[in-house]
Amino acid sequence: MNLSAEMPGRAVPKLSVPRLPAAMRWSLWTLCNAFALYLIVALYAQGQTVFALLGLVVAGIASFVFIHRRAYAHRYIFPSVAGMLVFVIFPLLYTVGIGFTNYSGTNLLSFEQAQRYHLGQTYLAGERYGFSLHQNDEGQLRLRVDRGPQGVWVSAPLEGEPVEGEALAMSREAEVEALGAAVPLRDVIRQRKALEQWVMRGNDGQLLRLYGLREVAAVEPLYRLQDDGSLINNQTGARLTANDEIGFYVDAEGQPVAPGYTVYAGWSNFAKVLTDPKIRGPFLQIFVWTVCFAGLTVIFTLAVGLVLASLLQWEMVRGKAFYRLMLILPYAVPAFISILVFKGLFNQSFGEINLMLDSLFGVRPDWFSDPTLARTMILIVNTWLGYPYMLLLCMGLLQAIPRDLYEASAMDGATPLDNLLKITLPLLIKPLAPLLIASFAFNFNNFVLITLLTRGGPDILGTTTPAGTTDLLVSYTYRIAFQDSGQNFALAAAIATLIFLVVGAMAWLNLKLSKVKV
């Protein structure tokens, strides 16, 4: 509407967006960037290079968007873009990257961390002596070391920070009486981390370190670093060399010495999925079951939902509002509650379903032990959980079908089955197709159902990875990453990458069927 044309004598007021003064805007921008830079440097100092790089990218994009005039409109959608970068794209790329390494429960550290761990190992190179911690009137702490027949040593005051490579002097000539009262053991425990940092040198040149809560001992580093990067055992003279193929330091016989470190493994994890019989077999079996489970769930839920929606459209049915409410009610109950209820109902010994089957037919099916029955149980439960969604969709779409078509078919003598197959389904399938694909993708990754109902069991025997006959790919990946004793995160990441490709392809197909330009 042109207000100026209707009211020529009055000017149309212009809306103005209040803006902060330029000095305040630049001050705020500088403060935010300084804080972001501080976080980035802190992450980098902690060895989190990848996360520091992520922070640098997000902070750099934010600075560009909020400074450059041409990017003015993008600042309003930047929070969502930043959230996508941090919570979607970065985890995806990080997972794919892990799939190309040997990252696992035995190879968690970086090479530098593993090397520091070995160099930090010590061994007992002499006698152990009891000690007590004393505090004088001035608040100074000293160690009193009882060496038995060799007398008593007293350390210099434990003041300031320990200097690396410099030992604290101890002397027998110190006045033992001037030490003050001994500190209780609970205070020694409180001071333990600080006491572990001090190295004390006696009159005979012997180095003593804290050894437990009541003793000090001559403790020496177990390994020393050589110029070629190998480690020499100071106690035995054995040599450890870094093997970057397996991510471990190995001894002369080639045996790995824990802990391991993360190395680039190339396509080996993806190759294992396709070539190792003990991994390929379960993977293909689980993949086929995952596709069948998702496909059958879509078919069963659609069939039940469409039939019930058609019945609710029947004019002879009275009390439609009540039936509609009762049929949609399972959709309102949290899924995990329904799953746990069904888990009790299908209990092999005390479940109501087996008690009823036993009383009627004299059988007690092994729902959780037999692979076929376990899969059947899962499909039954998931159909119950999913049909209300399809019921709602079909109820709405059936309203859009012209009633004239059914009246014309009735005049031609068509049966209800003919109406379903030749009128209802053809008119419903096109608008339902994207929703059916979305339902397929959701059930493809239905982790909660499998975890709460069967935990993937019964297990598949003869595999090197934990796998069950009712596992979906997502639960199989979870078990490899977190329930296996080896915690093979890299193999799980490789499988997760394959899952992403499959689900991504379905999402692309969904967009194409929805006629959305990609």
Side-chain angles (χ1 to χ4, degrees), residues 286-312 322-348 351-354 356-357 365 367-368 370-398 428-429 431-458 468-479 499 502-503 506-507 510:
I286 292 172
F287 177 78
V288 172
W289 158 241
T290 302
V291 175
C292 292
F293 164 77
L296 290 175
T297 295
V298 172
I299 294 173
F300 292 158
T301 54
L302 176 61
V304 174
L306 180 57
V307 170
L308 293 177
S310 300
L311 290 175
L312 289 176
F322 172 76
Y323 288 119
R324 188 180 296 113
L325 175 64
M326 297 304 296
L327 291 174
I328 297 176
L329 193 60
Y331 200 47
V333 179
F336 76 94
I337 294 179
S338 299
I339 294 171
L340 293 178
V341 169
F342 273 103
K343 188 174 183 179
L345 293 175
F346 279 103
N347 185 278
Q348 296 176 187
E352 286 75 3
I353 292 177
N354 270 14
M356 183 177 61
L357 292 176
W367 296 106
F368 293 91
D370 184 84
T372 303
L373 291 177
R375 290 171 175 173
T376 303
M377 174 184 63
I378 288 175
L379 287 172
I380 293 173
V381 175
N382 207 34
T383 300
W384 169 265
L385 296 174
Y387 88 83
Y389 175 70
M390 293 297 177
L391 174 62
L392 290 173
L393 294 178
C394 293
M395 286 173 57
L397 292 174
L398 285 175
L428 287 183
I429 198 64
L432 274 178
L435 301 173
L436 296 178
I437 295 175
S439 178
F440 181 90
F442 170 79
N443 287 287
F444 199 87
N445 292 320
N446 198 336
F447 175 79
V448 175
L449 173 65
I450 303 302
T451 301
L452 293 181
L453 192 58
T454 64
R455 296 185 180 273
T469 53
T470 59
D471 265 322
L472 303 181
L473 284 177
V474 61
S475 62
Y476 175 53
T477 305
Y478 176 83
R479 295 179 67 181
I499 296 175
V502 173
V503 177
M506 289 188 293
N510 193 3

Any donor and acceptor pair, going by atom type alone, linking the side chain of [X] with main-chain N or O of [Y] inside 3.5 Å?
X      : Y      : result
Thr477 : Leu473 : yes
Thr301 : Val298 : yes
Asn354 : Gln348 : yes
Arg375 : Thr469 : yes

Residues which pass side-chain contact (heavy atoms from CB on, under 4.5 Å) with Phe442, listed by chain and number, not counting sequence neighbours: Asn446

Sequence-distant partners of Leu325, side-chain contact (heavy atoms from CB on, under 4.5 Å), two or more places apart: none

Minimum side-chain heavy-atom gap [X]-[Y] below 4.5 Å:
X      : Y      : result
Met390 : Leu436 : yes
Leu472 : Ser475 : yes
Ile378 : Phe293 : yes
Asp471 : Tyr478 : no
Pro388 : Leu327 : no
Phe342 : Leu345 : yes
Phe368 : Pro458 : no
Val304 : Leu391 : no

Test side chain to side chain contact (heavy atoms under 4.5 Å, CB included) applied to Phe346 and Glu352, step by step: CA-CA 7 Å; Phe346 279 103; Glu352 286 75 3; over 6 Å; no

Indicate whether the side chain of [X] and that of [Y] have a donor and an acceptor atom separated by less than 3.5 Å.
X      : Y      : answer
Thr470 : Thr454 : yes
Asn347 : Trp367 : no
Asn382 : Asn443 : yes

Worked verdict on Phe440 versus Thr297 for side chain to side chain contact (heavy atoms under 4.5 Å, CB included): CA-CA 8 Å; Phe440 181 90; Thr297 295; over 6 Å; no

Whether Tyr389 and Tyr331 hold their rings parallel, tilted or perpendicular, with breakpoints at 30° and 60°: tilted

Distance-minimising heavy-atom pair for Met395 and Leu312: SD-CD1, 4.0 Å

Heavy-atom pair with the smallest gap, counting every atom of Gly468 and Arg479: N-NH1, 3.5 Å

Arg324, CZ atom: more than 12 neighbouring heavy atoms under 6.0 Å: yes

Residue Phe447 excluded, over 12 heavy atoms near CZ under 6.0 Å: yes

